[in-house]
Colleague: 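Here's a structure for you.
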Amino acid sequence: MPRLLLIEDDRAVREGVELALRRQGHDVAAVATGEDGLDRLRSFRPDVVVLDLMLPGMTGLDVCRRIRADSQVPIIMATARGDDVDIVVGLEAGADDYVVKPVQARVLDARIRAVLRRVGGPDGGEVLPQPETHGDLTIDRAGLTVARQGVPVPLAPSELRLLLLLSAAPGRVFSRQQLLEAVWEHSYHGDSRLVDACVKRLRTKLGEPPGQPRFIRTVRGFGYQFSRSTEPARPAAP
């Protein structure tokens, strides 16, 4: 049973979502403030966090950044506004996905289950691949770990899934829509913000030179590709 931490200040919304998700088979802990959410995170140890962006006191963005400081638990951000700036800022703060309220329980349940599928271990009978080395970057697909210059790089589920997908086919150009469908399991068109924000976070964690990425490169008008080259590319759009 997936363990879900819901941080939502609106009592009616909180109780309604909690009840609906319990009916969907989730073990839910629901709190009203960011401070309480951080406390429950340590004791409840959830598999997924659903985080309201507009919280009183400590905002959802503050909570997201605090969680990401020492945890890579998947975070689905919930916002009552479809404002592009709010969504992008939340994604860049470390959220893996987002929903705009009001959201149907079945839609939220689908997003939760999708984010839980993003990082799965290999099947029992599968031949385990050996770690790959790309310059100073080491990718262990069997252990689902990444290291740079021998130092582990903590990645959120969407970041790891994106890197594994791109690096499996160096040189191949993936469109944003292809990445959206493969990593986030979103079949609808037009929401490239998830992809772009994840690429930006991933580049930062991999120590990519600003404006001159070595590994995850932008192909203007098309999408992104992974390069084996250890030399920085010419300046490219994020």
Colleague: I'd like to know if the side chain of T138 pairs up with that of R148 as donor and acceptor (distance under 3.5 Å, no hydrogens or angles considered).
Modeller: no
Colleague: Run L206 and L202 through side chain to side chain contact (heavy atoms under 4.5 Å, CB included) and show every step you take.
Modeller: CA-CA 6 Å; L206 295 181; L202 188 52; 4.1 Å; yes
Colleague: Do V100 and L61 belong together in a cluster built from hydrophobic side chains that touch within less than 4.5 Å?
Modeller: yes
Colleague: Check the pair L164, L144 against side chain to side chain contact (heavy atoms under 4.5 Å, CB included), reporting the backbone distance first and the verdict last.
Modeller: CA-CA 9 Å; L164 292 177; L144 299 176; 3.9 Å; yes
Colleague: Are I75 and L55 linked, directly or through intermediate hydrophobic residues, by side-chain heavy-atom contacts shorter than 4.5 Å (ILVMFWY only)?
Modeller: yes
Colleague: Any side-chain donor-acceptor pair under 3.5 Å between H26 and D109?
Modeller: yes
Colleague: So which atom in S192 and which in R176 form the shortest heavy-atom distance, rounded to 0.1 Å?
Modeller: CB-CD, 3.5 Å
Colleague: Any Lys/Arg nitrogen of D27 or R3 sitting under 4.0 Å from an Asp/Glu carboxylate oxygen of the other?
Modeller: yes
Colleague: Please answer: with hydrophobic residues joined when any side-chain heavy atoms are less than 4.5 Å apart, are V195 and L155 in the same cluster?
Modeller: yes
Colleague: Between A95 and C64, which heavy-atom pair has the shortest distance, and what is it?
Modeller: N-SG, 3.6 Å
Colleague: How about L41 and V73: do any of their side-chain heavy atoms sit closer than 4.5 Å?
Modeller: yes
Colleague: Should V115 and D97 be marked as a side chain to side chain contact (heavy atoms under 4.5 Å, CB included) after you check the CA-CA gap, both sets of side-chain angles, and the distance that decides it?
Modeller: CA-CA 8 Å; V115 79; D97 204 343; 5.7 Å; no
Colleague: What heavy-atom pair brings R161 and R117 nearest, and what distance separates the two atoms?
Modeller: NH1-O, 3.3 Å
Colleague: With a 4.0 Å cut-off on N to O distance, would you call D136 and R214 a salt bridge?
Modeller: yes
Colleague: Under 3.5 Å, is there a donor-acceptor pair between the side chain of K101 and the main chain of A78?
Modeller: no
Colleague: Do R14 and E18 meet the salt-bridge criterion of a basic N to acidic O distance under 4.0 Å?
Modeller: no
Colleague: Taking CZ in R68 as the centre, count heavy atoms belonging to other residues, nucleotides or ligands within less than 6.0 Å. Is the count above 12?
Modeller: yes
Colleague: Determine, using the 4.5 Å side-chain heavy-atom cutoff (strictly less than), whether V31 and V13 are members of one ILVMFWY cluster.
Modeller: no
Colleague: What heavy-atom pair brings P74 and P157 nearest, and what distance separates the two atoms?
Modeller: CG-CG, 3.5 Å
Colleague: I'd like to know if the side chain of E208 reaches the main chain of F215, judged simply by a donor and an acceptor atom lying under 3.5 Å from each other, with no hydrogens or angles considered.
Modeller: yes
Colleague: Looking at every heavy atom in both M54 and D9, which two are closest together, and how far apart are they?
Modeller: O-OD1, 3.4 Å
Colleague: Measure the spacing between CG of D52 and CD1 of I7 and express it to the nearest 0.5 Å.
Modeller: 9.5 Å
Colleague: Closest approach of D196 and Y224, non-hydrogen atoms and distance?
Modeller: OD1-OH, 2.7 Å
Colleague: Assess the side chains of R193 and Y98: does a donor N or O sit below 3.5 Å from an acceptor N or O?
Modeller: yes
Colleague: Go through the steps for S175 and F222 under the test side chain to side chain contact (heavy atoms under 4.5 Å, CB included), then give the verdict.
Modeller: CA-CA 6 Å; S175 70; F222 293 95; over 6 Å; no
Colleague: Treat each ILVMFWY residue as a node, draw an edge where side-chain heavy atoms are under 4.5 Å apart, and state whether F44 and L21 are in one component.
Modeller: no
Colleague: Are the side chains of H134 and I139 in touch, meaning some heavy atoms are under 4.5 Å apart?
Modeller: yes
Colleague: Taking atom types as modelled, find out whether S71 and R45 have a side-chain donor-acceptor pair closer than 3.5 angstrom.
Modeller: no
